[in-house]
**Student:** 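Quick one: the structure is below, questions incoming.
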Amino acid sequence: MTTYAGADITRDAHTIRPGAFGNATTLRCRECGATTPLGAHYACSDCFGPLEVDYDLPSITREQITSGPPNIWRYQSLLPVPADIASFPNTEPGLTRLVRADRLAAALGLRRLWVKDDSGNPTHSFKDRVVAVALAAARELGFQVLACPSTGNLANAVAAAASRAGIRSVVMVPHNLEQQKILTTAVYGGTLVAVEGTYDDVNRLASEIAGEEEGWAFVNVNVRPYYAEGSKTLGFEIAEQLGWRLPQQVVVPIASGAQLVKIDKGLREFVELGLVEDAPYKIFGAQATGCSPVSAAFKAGHDVVQPVKPDTIAKSLAIGNPADGPYVLDVCRRTGGVVEDVSDDEVLAGIELLARTEGIFGETAGGVTVATLKKLVETGQLDPDAETVIINSGDGLKTLDAIAGKVGPKATIRPTYDAFTEAGLA
Amino acid sequence: MGVKVRIPTILRTYTGGASEVAADGGTLAEVLDSLEANFPGIRARVLDDAGKLRRFVNVYVGEEDVRFASGLETPTPDGTQVSVIPAVAGG
């Protein structure tokens with residue numbers, strides 16, 4: 001064993017139990033293909049490329065999945081988690097609603113549209129999925145602290161999962177984050193740190209701390225290969241809830257880009273396992289124009305993403321240097337989708353449109369996705385006759401500031417029937 | 001004087017385990033040359049075969065990501081802190 005000081009030593013000394021990572025076999029560099037044993041590694045020691053979990057995928061039937069728990073652990077054998085995962089306290093995320101959105105479809109001129117409403121997770125965003133898998137990895141690797149840099153949704157999910165598991169959490173957020181996200185993190189009682197900077201500044205700081213603090217699992221840094229796998233469950237659920245078939249088009253918001261890439265991975269694994277019939281599908285990425293480095297790279301035909309300084313109300317998507325950006329470009333180009341971006345005004349209109357047609361209150365990221373869907377239809381980039389699924393990744397209650405100036409009471413009246421009729425409300 | 005360079009965990013095999021090392025040079029490129037002289041092999045981990053910053057490595061001079069500055073030609077005045085960090089991000 002090496003003798004230098006570093007975060008990996010503790011993990012090397014920690015005995016990893018057999019089956020700790022289920023059917024996962026190794027970590028593989030997505031850039032150069034070099035492999036690393038399963039452990040607390042996240043960057044390739046040869047080329048800095050991100051590591052991804054490889055599996056010896058089991059044969060599994062639809063019946064085995066549907067007889068599993070009503071949460072992401074029904075897909076345990078396809079995730080880097082142990083077979084007894086459900087016996088550990090966790091937030092049990094997933095199996096959120098897939099809502100048939102006929103009124104939104106009609107408003108946009110689409111034939112058939114579904115909203116995968118991930119605001120239904122325990123802390124009201126898709127982040128509960130990834131954190132549940134990261135928590136499992138942290139436990140199996142012997143970490144004592146669950147930590148993250150966050151734009152807010154992850155902060156909620158980490159703080160809640162750590163409380164439920166009875167371990168310490170340390171959550172670092174940009175100091176100008178929406179108050180709703182600050183409070184919905186702080187309430188869980190972990191250590192919440194507001195950092196004077198953008199998300200990218202916070203992320204950099206977290207990356208440096210992760211290299212120094214032994215025993216700290218930064219869910220989206222040093223256990224990121226495991227964490228990111230959690231988003232595959234969005235793809236699994238969409239296919240299962242459609243009645244075991246692939247969607248034809250999926251529109252996904254992009255922050256780091258990991259969610260989009262993993263939805264694609266989940267769909268491909270279902271095909272590989274014979275759980276769904278293979279068929280072409282297109283994946284589309286959605287960004288806010290004020291933070292659209294992936295959209296800009298897509299439109300320019302680049303395969304690298306030039307970082308930007310974010311300036312948008314869609315703070316949960318405000319990652320100026322998205323680590324999975326190049327892979328988003330790969331997925332969208334491979335499947336025939338595109339990456340598009342929309343203005344903040346369009347985002348607000350998107351939030352209202354989703355709420356008024358489907359009764360779903362999405363956060364700003366949901367507004368980005370709906371507005372991007374609208375733009376894709378209007379510009380002929382998305383086929384209105386093909387079955388489409390969009391992701392609503394979080395709850396509008398977390399970004400109330402965004403719409404505070406846009407919606408409100410129609411009238412304020414005295415508590416009399418006369419006042420009611422005079423106000424023209426009948 | 002010179003500059004201080006923060007070394008990420010995965011490169012500490014080159015620096016004998018040191019998390020921070022001293023280097024010289026008026027630009028980032030020169031700093032990397034100086035690192036290479038003291039810790040042979042380390043430069044090729046940060047730069048690709050074409051001599052450009054690898055896609056998944058972020059280098060900061062002070063608080064600035066060099067991709068927002070002048071890349072490898074970014075000036076590194078005496079006393080500057082340079083940080084090399086694997087690129088990972090997720091909200």
Side-chain angles (χ1 to χ4, degrees), chain A residues 2-8 30-31 41-50 127 130 148-154 197 199-201 203-204 207-208 210-212 218-222 224 227-228 255-259 304-309 315-324 326 365, chain B residues 4-21 28 32 35-36 38-72 74 80-91:
Chain A
T2 46
T3 54
Y4 59 88
D8 289 350
R30 289 200 283 184
E31 288 291 290
H41 314 289
Y42 64 102
C44 175
S45 56
D46 287 343
C47 74
F48 276 91
K127 289 296 186 183
V130 285
C148 68
S150 174
T151 57
N153 282 324
L154 181 58
Y199 173 75
D200 295 295
D201 296 324
N203 189 59
R204 174 201 164 176
S207 298
E208 290 195 83
E212 306 302 328
F218 279 87
V219 298
N220 51 343
V221 180
N222 53 344
R224 184 177 181 81
Y227 159 94
S256 76
Q259 184 193 130
V304 292
V305 174
Q306 181 69 25
V308 300
K309 308 262 188 191
K315 291 178 183 162
S316 61
L317 303 182
I319 297 181
N321 188 3
D324 282 70
Chain B
K4 290 178 176 170
V5 184
R6 298 279 307 163
I7 305 294
T9 310
I10 62 173
L11 292 183
R12 291 180 194 169
T13 46
Y14 292 93
T15 61
S19 58
E20 186 171 285
V21 298
L28 177 59
L32 292 174
L35 277 183
E36 177 69 16
N38 291 324
F39 310 107
I42 198 167
R43 185 174 53 196
R45 291 286 165 268
V46 179
L47 304 182
D48 64 18
D49 293 343
K52 291 182 178 171
L53 272 183
R54 287 185 182 275
R55 203 154 77 139
F56 287 94
V57 60
N58 291 336
V59 179
Y60 297 84
V61 171
E63 293 191 0
E64 190 76 348
D65 182 335
V66 298
R67 289 191 175 91
F68 288 113
S70 304
L72 291 171
T74 303
T80 303
Q81 171 135 326
V82 175
S83 301
V84 180
I85 300 175
V88 288

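From a predicted model like this one, the values you see are computed outputs, not experimental measurements. Below, read A as the first sequence line, B as the second, and so on, with proteins coming before strands; counting in each chain starts at 1.
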**Student:** Answer yes when A:R204 and B:E64 have at least one side-chain N-carboxylate O distance shorter than 4.0 Å, and no when they do not.
**Tutor:** no
**Student:** Less than 4.5 Å apart, any side-chain heavy atom of A:E208 and any of B:I85?
**Tutor:** yes
**Student:** Within the side chain of A:N203, is there an N or O that forms a donor-acceptor pair under 3.5 Å with the backbone of A:Y199?
**Tutor:** no
**Student:** Which region of A:V130, side chain (C-beta onward) or backbone (N, CA, C, O), has a non-hydrogen atom less than 4.5 Å from a non-hydrogen atom of chain B, or is it both or neither?
**Tutor:** neither
**Student:** Report yes if some heavy atom in the side chain of B:K4 is under 4.5 Å from a heavy atom in the side chain of B:T80; otherwise report no.
**Tutor:** no
**Student:** Can you tell me which portion of A:C44 sits under 4.5 Å from chain B's heavy atoms? Options are side chain, backbone, both or neither.
**Tutor:** backbone
**Student:** Out of curiosity, A:S316 OG to A:K127 NZ, how far, rounded to the nearest 0.5 Å?
**Tutor:** 9.0 Å
**Student:** Treating B:R12 as the side-chain partner and B:I7 as the backbone partner, does any N or O pair qualify as donor plus acceptor under 3.5 Å?
**Tutor:** yes
**Student:** What residue in A:G257, A:S45, A:A318 has the most heavy-atom pairs under 4.5 Å with chain B?
**Tutor:** A:S45
**Student:** Hey, could you give me the OH/CG distance between A:Y227 and A:L154, rounded to the nearest 0.5 Å?
**Tutor:** 4.5 Å
**Student:** Can you tell me which of B:L11, B:T15, B:D65 forms the most heavy-atom pairs within a distance under 4.5 Å of chain A?
**Tutor:** B:L11
**Student:** Please rank A:S207, A:G49, A:P307 by heavy-atom pairs under 4.5 Å with chain B and give me the top one.
**Tutor:** A:P307
**Student:** Are there residues of residues 48-56 of chain B whose heavy atoms fall under 4.5 Å of chain A's heavy atoms? If so, which?
**Tutor:** B:R54, B:R55, B:F56
**Student:** Is it the backbone or the side chain of A:Q259 that comes under 4.5 Å from a heavy atom of chain B, or both, or neither?
**Tutor:** neither
**Student:** Identify which part of A:K315 has an atom lying under 4.5 Å from any heavy atom of chain B, answering side chain, backbone, both or neither.
**Tutor:** neither
**Student:** Quick check: does any side chain N or O of B:Q81 sit under 3.5 Å from a backbone N or O of B:V61, one acting as donor and the other as acceptor?
**Tutor:** no
**Student:** With rounding to the nearest 0.5 Å, note down the distance linking CG in B:L32 to CG in B:L47.
**Tutor:** 5.5 Å
**Student:** Holding to side-chain contact (heavy atoms from CB on, under 4.5 Å), I want the full list of residues that pass it with A:Q306, two or more places apart in sequence or in another chain.
**Tutor:** B:R67
**Student:** Using a cut-off of under 4.5 Å for heavy-atom pairs, which of B:S83, B:A44, B:P8 has the most such pairs with chain A?
**Tutor:** B:S83
